[in-house]
Amino acid sequence: MTVQAKTRTVSTLKGDVEVPANPKRVASDQYMGHLLKLGIIPVGVRSFMLNEAWIDKSGYPKEKLVGIKDLGEFPMNLEKLTVLQPDLIIGSIEKNIDSYQKVGTTVFLPYWEGESTAGPLDKFRRISEIFGKEKEAEQWITEYENKVAEARKKIDGIVKVGETVSIVQVANKSVYVLAAEGGNYGSPTIYQMLKLPPTKKALHMKEGFESISLEALPKYTGDHIFVYGSKDEGANQVLNSELWKGLPAVKKGQVYMYGSFSDKGDEFVMEDPYSLELQLDTIVNLLLALKK
């Protein structure tokens, strides 16, 4: 008779951590979608994950969210966290880890660039390793990569040979250009998954993005522009400017608005499996609309 180990050792950026082999009460300040896809329902998460407006856009199975406790924003409320008696805590910001460790066993798994260079699929793999659910993770990744391969076939030829793609984020009156590697807000879906060709500028960004002036836009934009942002006065000023209207991609109608510009909501905030599936559909549909 084989006796199953009660713990496993997980390697983290803060050293090896001995965690329960089958934790029953998991709290996390990030990664809720990753956990749900692995069949793990956390006992508590930070507020944003349970925000109704976000839930409606996330694709998360709502029936599994009943009973998950709101632990506030970063850092999670330690008093509420203690009451939940978690047997495993996952923290995504290094400065909060010491506080979490006072409550229970904590694994540090950075989410944002600057702390981590892991892409969305690798993040999912890392979460699965904590729970010994690598097989479940790889099964979903295989299914997702098959969907990506089909998506590439659907959009083949829309971005012609020699053309480039850029991603511009408009927030208030600020303009950002997202990098080909290490970016977020749909950058991994557009560049890594769908293999759409980035501009040279996008290939040489160190922080995942660059903040630029409106006047600098022509140096950064490609033949096709994806615009991520929200409906506000500042964004309207940028998009209604003569400089913007004069960009070649704008003149050709090769501009794709997504994020909160869309009535569907914003599925590009997170990089969990549910979000990645929605992102893939959104980007493909935007490109296919150009064919019509």
Side-chain angles (χ1 to χ4, degrees), residues 1-50 55 58-72 74-94 96-111 115-116 118-144 270-277:
M1 181 177 177
T2 303
V3 179
Q4 291 187 338
K6 293 183 178 181
T7 63
R8 70 163 52 84
T9 301
V10 176
S11 296
T12 79
L13 292 178
K14 291 178 75 68
D16 289 348
V17 179
E18 191 172 359
V19 303
N22 295 292
K24 304 298 182 184
R25 301 183 62 78
V26 179
S28 182
D29 64 13
Q30 196 73 351
Y31 299 108
M32 186 171 83
H34 301 77
L35 295 171
L36 292 173
K37 184 60 76 170
L38 291 171
I40 299 163
I41 302 176
V43 293
V45 297
R46 69 183 176 95
S47 298
F48 178 79
M49 302 291 171
L50 297 176
I55 293 298
S58 67
Y60 294 166
K62 293 183 180 180
E63 69 279 2
K64 294 184 179 180
L65 307 182
V66 178
I68 299 178
K69 300 300 183 183
D70 183 337
L71 296 177
F74 296 113
M76 293 186 292
N77 183 289
L78 296 183
E79 185 176 344
K80 293 181 179 180
L81 187 61
T82 302
V83 170
L84 288 179
Q85 297 182 316
D87 52 7
L88 181 63
I89 302 167
I90 302 174
S92 61
I93 298 178
E94 186 170 11
N96 298 331
I97 300 303
D98 288 344
S99 296
Y100 294 163
Q101 286 175 333
K102 294 175 182 177
V103 178
T105 301
T106 302
V107 171
F108 171 49
L109 188 60
Y111 189 88
E115 293 180 307
S116 169
L121 299 185
D122 283 336
K123 284 175 183 172
F124 190 42
R125 287 187 171 104
R126 290 181 181 182
I127 281 287
S128 72
E129 290 167 1
I130 296 172
F131 299 91
K133 289 182 174 286
E134 293 93 337
K135 186 180 294 184
E136 290 87 340
E138 292 304 325
Q139 180 179 339
W140 177 83
I141 289 172
T142 297
E143 293 171 357
Y144 174 69
M270 294 295 169
E271 294 180 344
D272 60 72
Y274 297 98
S275 298
L276 290 177
E277 290 171 349

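In plain terms, the two heavy atoms of Gly91 and Tyr100 that are nearest each other are CA-CE1, 4.0 Å. Across all their heavy atoms, Ile68 and Met32 have their closest contact at CD1-SD, 4.2 Å. Of all non-hydrogen atoms in Pro61 and Leu36, the two that sit nearest each other are CD-CD1, 4.3 Å. Of all heavy-atom pairs spanning Gly33 and Tyr274, the tightest one is O-CE1, 3.4 Å. In terms of heavy atoms, Gly104 sits closest to Ile89 at N-CD1, 3.8 Å. Closest of all the heavy-atom pairs between Val43 and Ala27 is CG2-N, 4.4 Å.
More than 12 heavy atoms of other residues, nucleotides or ligands lie within 6.0 Å of NZ in Lys133, so this atom counts as buried by the packing criterion. Within a 6.0 Å sphere centred on CD of Gln85, heavy atoms belonging to other residues, nucleotides or ligands number 12 at most.
In this structure, Leu121 and Leu276 have side chains that are in contact, with non-hydrogen atoms separated by less than 4.5 Å. Contact of the Lys62 side chain with the Ile55 side chain is registered, since non-hydrogen atoms from C-beta on lie closer than 4.5 Å. Contact of the Val103 side chain with the Leu84 side chain is not registered, since no non-hydrogen atoms from C-beta on lie closer than 4.5 Å. In this structure, Asp16 and Ser11 have side chains that are in contact, with non-hydrogen atoms separated by less than 4.5 Å. At least one side-chain heavy atom of Lys14 sits under 4.5 Å from a side-chain heavy atom of Ile97. Ile127 is listed as a side-chain neighbour of Ile90, based on a closest heavy-atom distance under 4.5 Å.
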Run the side-chain contact (heavy atoms from CB on, under 4.5 Å) check on Leu38 and Phe124 step by step: do they pass?
CA-CA 9 Å; Leu38 291 171; Phe124 190 42; 3.7 Å; yes

Could you go through Ile141 and Arg125, starting from their C-alpha distance and side-chain angles, then the distance that decides it, and tell me whether this counts as side-chain contact (heavy atoms from CB on, under 4.5 Å)?
CA-CA 9 Å; Ile141 289 172; Arg125 287 187 171 104; 3.7 Å; yes

Please assess Met270 against Met49 for the test side-chain contact (heavy atoms from CB on, under 4.5 Å), listing each intermediate value before the final yes or no.
CA-CA 10 Å; Met270 294 295 169; Met49 302 291 171; 3.6 Å; yes

Show the numbers, then the answer: is there a side-chain contact (heavy atoms from CB on, under 4.5 Å) between Phe48 and Gln30?
CA-CA 9 Å; Phe48 178 79; Gln30 196 73 351; over 6 Å; no

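Distance check, rounded to the nearest 0.5 Å: CG of Asp29 to OG of Ser47 gives 11.5 Å. With rounding to the nearest 0.5 angstrom, the OG atom of Ser58 is 7.5 Å from the CG atom of Asp272. Of the inter-residue distances, the one linking Leu81 atom CG with Lys102 atom NZ reads 13.0 Å to the nearest 0.5 angstrom. Note that NZ of Lys24 and CD1 of Ile40 are 10.0 Å apart. Values are rounded to the nearest 0.5 Å. Atom-to-atom distance recorded for Lys37:NZ and His34:NE2 is 11.0 Å, nearest 0.5 angstrom. With rounding to the nearest 0.5 angstrom, the CD1 atom of Ile41 is 6.0 Å from the NZ atom of Lys64.
Listed for the Ser275 side chain is no donor-acceptor partner under 3.5 Å among the backbone atoms of Glu271. In terms of modelled atom types and a separation under 3.5 Å, the side chain of Asp87 and the main chain of Pro23 share no donor-acceptor contact.
Aromatic ring pairs are classed by plane angle as parallel below 30°, tilted from 30° to 60° and perpendicular above 60°; the pair Tyr31 and Tyr111 is perpendicular.
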